[in-house]
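Some notes on the structure that comes next.
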Amino acid sequence: MPSENILEVINLKKYFKVSKGVIKAVDDISFTVKYGETFGLVGESGSGKSTTGHVVVGLYAPTSGKILYEGIDMSMGVERRPLNLKKKIQMVFQDPATSLNPKRTIKQIIELPLKVHGISHGDASQKVAELLQMVELPVEYMDRYPTELGGGERQMVAIARALAVNPSFIILDEPTSALDVSIQAKIINMLMRFQKEFDLSYLFITHNLSLMRNVASRVAIMYLGKIAELAPTEEFFYNPLHPYTKMLLSSIPVITDEEEAMKPKKVISTGEIPGALNVPPGCSFHPRCPERLEICDKVDPCMLEISPGHFVRCHLYNSMKV
Amino acid sequence: MSNTLLNVEELHVHFKVYGGILKVLNDVALKVNEKEKVGLIGESGCGKTTTMRAIMRILPWNAIVPKAKIYFKGKNIMKMSDSELKKLRRGSISMIFQDPTAALNPVFKIRDQLFDIVRYTNLEVGKNLSKKETEEEAVRLLREAALPEPERILDSYPFQLSGGMRQRVCIAMALASAHDLLIADEPGTSLDVTIEDQILRLLKQIVEEKRTSIILISHALGAVKGFVDRVYVMYAGCIVESASTSDVFREPLHPYTKGLLAAVPKLTGGGVPEGIKGRVPDYMNPPIGCRFVTRCEYAMPICERKQPRMINAGNNHEVACFLYGE
């Protein structure tokens, strides 16, 4: 029976050596992405969510652990990955101002992946025009430079570039964080449409929980390189278990009374996110945790499945394991 | 009836750039009463920060101010001499900037930066503090900004502190001189959600305790909603709507405000809403009439010809839109 998972990440670790020690950017995380779903990865800055995305796309080789794409092991850096695998996995970066080469025209930018993967030889104007139309940009933009475009339009170009090679898996690393809300809505809707049209699976990385609520089917929350909680979206927002999830949810500024009513009460945000070099012992969240137990600063909790598909890494639920 | 502290009328600001003149602020008017918490919302590039810089008279060199009336406690800021301005900035108005990393000097310890501010603001009111008194005052300010171990903070360089701590230091600095009005320009935007929440709660508590007025600028609508009494909505250099916070969020009138509120994804789900179509007008050649006309779904012929004025739609809810009369 073929697996329902397009991507499996198993015990993935990515450490960086720096002069003062080792930064454990991603520390032993596991998750799967199913065919056609949007898997959300949330967390604050420095939680390792972008690093996870970069390792999956192959920008870094993992320190240890496995990444399986359709069952094929691709736990190596991008330079050793077969070309046909690279084609399947594309990425859209956060800031289109830096992810598009300012000295190339839009046509040259979108053309490059087509050439690399041998999809079109010679003049690719036709294909580039089609791609631009697909992301609802005027075809005349072909000869313009990224700086002549607005932020939202640039991000559309980045999306067109990712779609150029007919990928089946796209990593969206904060695709709308650098943009205004009115433009964000348009881009997200477009991405959701493409997902249906081309059967895409997304790994959606963002710090914006309200956005995540509306796009993802399952959500994992990261804190200091580890996944704290993983659950289907509804579960995650209506029945958050991990104290960090509760704190994050109660901190989101919202604009309607209905939203205010669903925020967890009385979990006031305190403390600072520790630096990645001195991660607290035991559960890394314990210095900020309002429900801390005695065991928390000594033993790092394990991932527990509380209800089907709802995982949490917290000592509070040790007795509730199913 | 409370007294007006700051009254801005007919504020126009242009910028000279290569290739022409950007007509950014267009007839901006806003009012802040004593002890009032006012919010200014709008998307990037709509002129929120420019408005505040005009009030502080710290616009960049290429700015032109063809017309402006900015009254602070009845005195026109535009006509103030350098020494009067110095007095204003040292004793009355202070600003917290978006990026605390850029607002602090990286090569001086917090002690040196904070001491200067404490010393000069006190000199302004005729108090010549000794070194010990200055230190006591600095420690008190840092405590007020909820920083643990203020003595250690004083001896740190900015890079030794986290983003949230740096912003707290900036708040402490602003508190030293903001006796009447505090301008907070996106104070939490460069920080993480949980830390932003802490900073905003701290700011709110401080201004309520000290009975200072505050202008909170933000593009995060939710952050503004939980904080201020009254909101101004800005679009492309114009104030388009002004009302009490609850009115703006419950019953927005201007088509832009409606579109903006609808575009925010909701925590309660329901899918991602449609955004506002089109893009912000070019400041080089802005539309003659309403600046929102090209993106507005209710646009009428008059909108292209004439600039809408602010009209009162009842209950002090003001809106600049022809849909509600001329």
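Any value given below was found using the heavy atoms of this structure, including those in side chains, with hydrogens, waters and symmetry copies removed. Chain letters run A, B, ... following the sequence lines, proteins first and then strands; every chain starts at 1.
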Positions in residues 173-181 of chain A that reach chain B, provided some heavy atom is under 4.5 Å away
Asp180(A), Val181(A)
Considering only heavy atoms, give the residues of residues 209-225 of chain A separated from chain B by less than 4.5 Å, sorted numerically, with 'none' for an empty result.
Leu209(A), Ser210(A), Leu211(A), Arg213(A), Asn214(A), Val215(A)
Test side chain to side chain contact (heavy atoms under 4.5 Å, CB included), reference Met247(A), set Val193(B), Asp197(B), Thr194(B), output is Thr194(B)
Least distance between heavy atoms, Glu43(B) atom then Ser182(A) atom
OE2-OG, 2.8 Å
Grab the two heavy atoms, one from Ala263(B) and one from Ala185(A), that are nearest each other, plus how far apart they are.
O-CB, 4.1 Å
Between Ile276(B), Val272(B), Val264(B), Leu261(B), which shows the greatest number of heavy-atom pairs under 4.5 Å with chain A?
Val272(B)
Say whether Ser269(A) and Gln198(B), considering side chains only, have a donor N or O and an acceptor N or O under 3.5 Å apart.
yes
Between the side chains of Ser251(A) and Glu196(B), is a donor N or O closer than 3.5 angstrom to an acceptor N or O?
no
Tell me which pairs pass salt bridge (charged side-chain N to carboxylate O under 4.0 Å, His left out) where either residue lies in residues 238-247 of chain A, with sequence neighbours left out.
Lys246(A)-Glu291(A)
[X] atom [atom1]: more than 12 heavy-atom contacts under 6.0 Å:
X: Arg250(B); atom1: CZ; result: no
X: Phe198(A); atom1: CZ; result: yes
X: Lys24(A); atom1: NZ; result: no

Quick check for you: among [options], which has the greatest number of heavy-atom pairs under 4.5 Å with chain B?
options: Asp257(A), Ile255(A), Ile273(A); result: Ile255(A)
options: Ala261(A), Gly271(A), Gly151(A); result: Gly271(A)
options: Asn189(A), Val254(A), Thr270(A); result: Asn189(A)

With a 4.5 angstrom heavy-atom cut-off, could you sort out which part of [X] is near chain A: side chain, backbone, both or neither?
X: Ala223(B); value: both
X: Lys225(B); value: side chain
X: Leu200(B); value: neither

Is the closest side-chain heavy-atom distance between Asp192(B) and His207(A) below 4.5 Å?
no
Non-hydrogen side-chain atoms of Thr256(A) and Phe249(B) separated by less than 4.5 Å:
no
Would the distance check show the side chain of Glu259(A) and the main-chain N or O of Thr268(B) forming a donor-acceptor pair, the cut-off being under 3.5 Å?
no
Distance-only criterion, 3.5 Å: show the donor-acceptor pairs between side-chain atoms of residues 138-145 of chain A and protein atoms not counting sequence neighbours.
| unit_1 | atom_1 | unit_2 | atom_2 | d |
| --- | --- | --- | --- | --- |
| Tyr141(A) | OH | Glu153(A) | OE2 | 3.0 |

For Glu234(A), which atoms come within 4.5 Å of any heavy atom of chain B: side chain, backbone, both, or neither?
neither
